Number of protein chains: 2
Amino acid sequence: MYERGDLFNPACGTRVVLDRIGDKWTALAVLLLQHGPLRFTELRDGIGRVAPKVLTQTLRRLERDGLVTREVFAEVPPRVVYALTPMGRSLITPLTTVSNWAEEHINAINTAQSQYDATV
Amino acid sequence: MYERGDLFNPACGTRVVLDRIGDKWTALAVLLLQHGPLRFTELRDGIGRVAPKVLTQTLRRLERDGLVTREVFAEVPPRVVYALTPMGRSLITPLTTVSNWAEEHINAINTAQSQYDATV
DNA sequence: AGTAGCCAGTAACCAATAGATACTATCGGG
DNA sequence: CCCGATAGTATCTATTGGTTACTGGCTACT
């Protein structure tokens, strides 16, 4: 069993991580934070159409995973700053290779979709 | 606007692709196919706990995006073989960098989670 | 002759996740 | 003494994923 590699094992790290960063906003949040810390509303406005509840969930998970720090300033109005940890920054490189692939192939994907839709 | 790069633009290729391969099984299916074509049940058994309906949806989307081919053999019992297209194969490299990152950091992530859970 | 099994799905229904909208707490300024 | 700003929470709805059962044509078994 698993002769093609441990991808066939549901407990392998790749599958766990893909399941974690493979949700709707996690990878995007990490990429947005790559140039420096951002506040909650900066992330929310940057992502554009994310419900605050969902953004909070996403950031809490990233914090729990040790990829992001959450710093609360006891001010009024409140200020909360999110930043990447060293481990979070180390994720930028892999995500950037995916991002580059995306930019290189997005046109081909759109073309393929149009062709597929035309035949069906 | 968008002075940090077009990630702040919801229509950028990165966001579209992340939204597409960021679902629950797509990236895993591509990685499973990297060593050669697989039949429907091989993919299903390889992934382990995926409903056939959802796997079908995943594979149809990959086919529509031009990343996977679907070849039907008119036999009984039926045989359907899925394989990566050249574009699908080109996605292996970026996904592998993510996969490698995952394997390198899965322990640190688990540790961070335990610490976080202990403080809360 | 009858039937059970194989494979690649569909159909129908249920659970979990994401999204929309409204609301809260706090405090300084007008 | 009411307003606005920020970082959320509460509630409800919509979308997505999951579970279980079923189909259909042929082959192999009884």
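Per chain, numbering begins at 1; letters A, B, ... match sequence-line order. Note that the structure is predicted; figures quoted are calculated from it, not measured. Because only heavy atoms are used, hydrogens play no part in the values below, and waters and symmetry mates are left out as well, while side chains stay in.
- Both A/V76 and A/D23 lie close to DNA chain C; mapped to their nearest nucleotides by heavy-atom distance, the more 5′-ward contact belongs to A/D23.
- Rounded to a whole Å, the CD1 atom of B/I47 is 12 Å from the P atom of D/dG17.
- When the options B/T26, B/L33, B/T58, B/T85 are evaluated for a side-chain contact (heavy atoms from CB on, under 4.5 Å) with B/V68, the one that passes is B/L33.
- Checked by atom type and distance alone, the side chain of A/T97 pairs as donor or acceptor with a backbone atom of A/P94 at under 3.5 Å.
- For A/T56 and D/dA7, the shortest distance from a side-chain N or O to OP1 or OP2 is not below 4.0 Å.
- Nucleic acid contact for A/R39: sugar-phosphate only, since backbone atoms but no base atoms lie under 4.0 Å from a heavy atom of the residue.
- When distances run from any side-chain atom of B/R70 to the nucleotides C/dA8, C/dA18, C/dA20, the shortest one goes to C/dA8.
- Both A/P52 and B/F40 sit near DNA chain C, but only B/F40 has its closest nucleotide nearer the 5' end.
- Residue contacts for A/R44: at a heavy-atom cut-off of 4.0 Å it reaches no nucleic acid atom on any strand shown.
- At least one side-chain nitrogen or oxygen of B/R60 sits closer than 4.0 Å to the OP1 or OP2 atom of C/dT10.
- The shortest distance between the side-chain N/O atoms of B/W25 and the OP1/OP2 oxygens of D/dT16 is not below 4.0 Å.
- Proximity note for B/P78 (side chain, C-beta onward) versus D/dG18, C/dC7, D/dG8: the nearest is C/dC7.
- In this structure, B/R49 places its CZ atom 16 Å from C1' of C/dA16, rounding to the nearest Å.
- For A/L55 and C/dA20, the CG to P distance is 13 Å, given to the nearest whole Å.
- No donor-acceptor pair under 3.5 Å is formed between the side chain of B/R44 and the backbone N or O of B/R39.
- If you take NZ of B/K24 and C1' of D/dG18, they are 10 Å apart, rounded to a whole angstrom.
- To the nearest angstrom, C1' of D/dG25 lies 16 Å from CZ of B/R79.
- Computed from coordinates, the A/E42 CD to D/dA7 C1' distance equals 13 Å when rounded to whole Å.
- Side-chain atoms of A/K53 come within donor-acceptor range of the base of C/dG19, with a qualifying N/O pair under 3.5 Å.
- Using a 4.5 Å heavy-atom cutoff, the side chains of B/P52 and B/F40 are in contact.
- Nucleic acid contact class of B/Y82 (heavy atoms, under 4.0 Å, all strands): sugar-phosphate only.
- When the C1' atom of C/dA8 is taken as reference, atom CD of B/E63 falls 14 Å away, rounded to whole Å.
- Between B/Q57 atom CD and C/dA8 atom P there is a gap of 18 Å when expressed in whole angstrom units.
- Of all heavy-atom pairs spanning A/T14 and B/A102, the tightest one is CA-CB, 3.7 Å.
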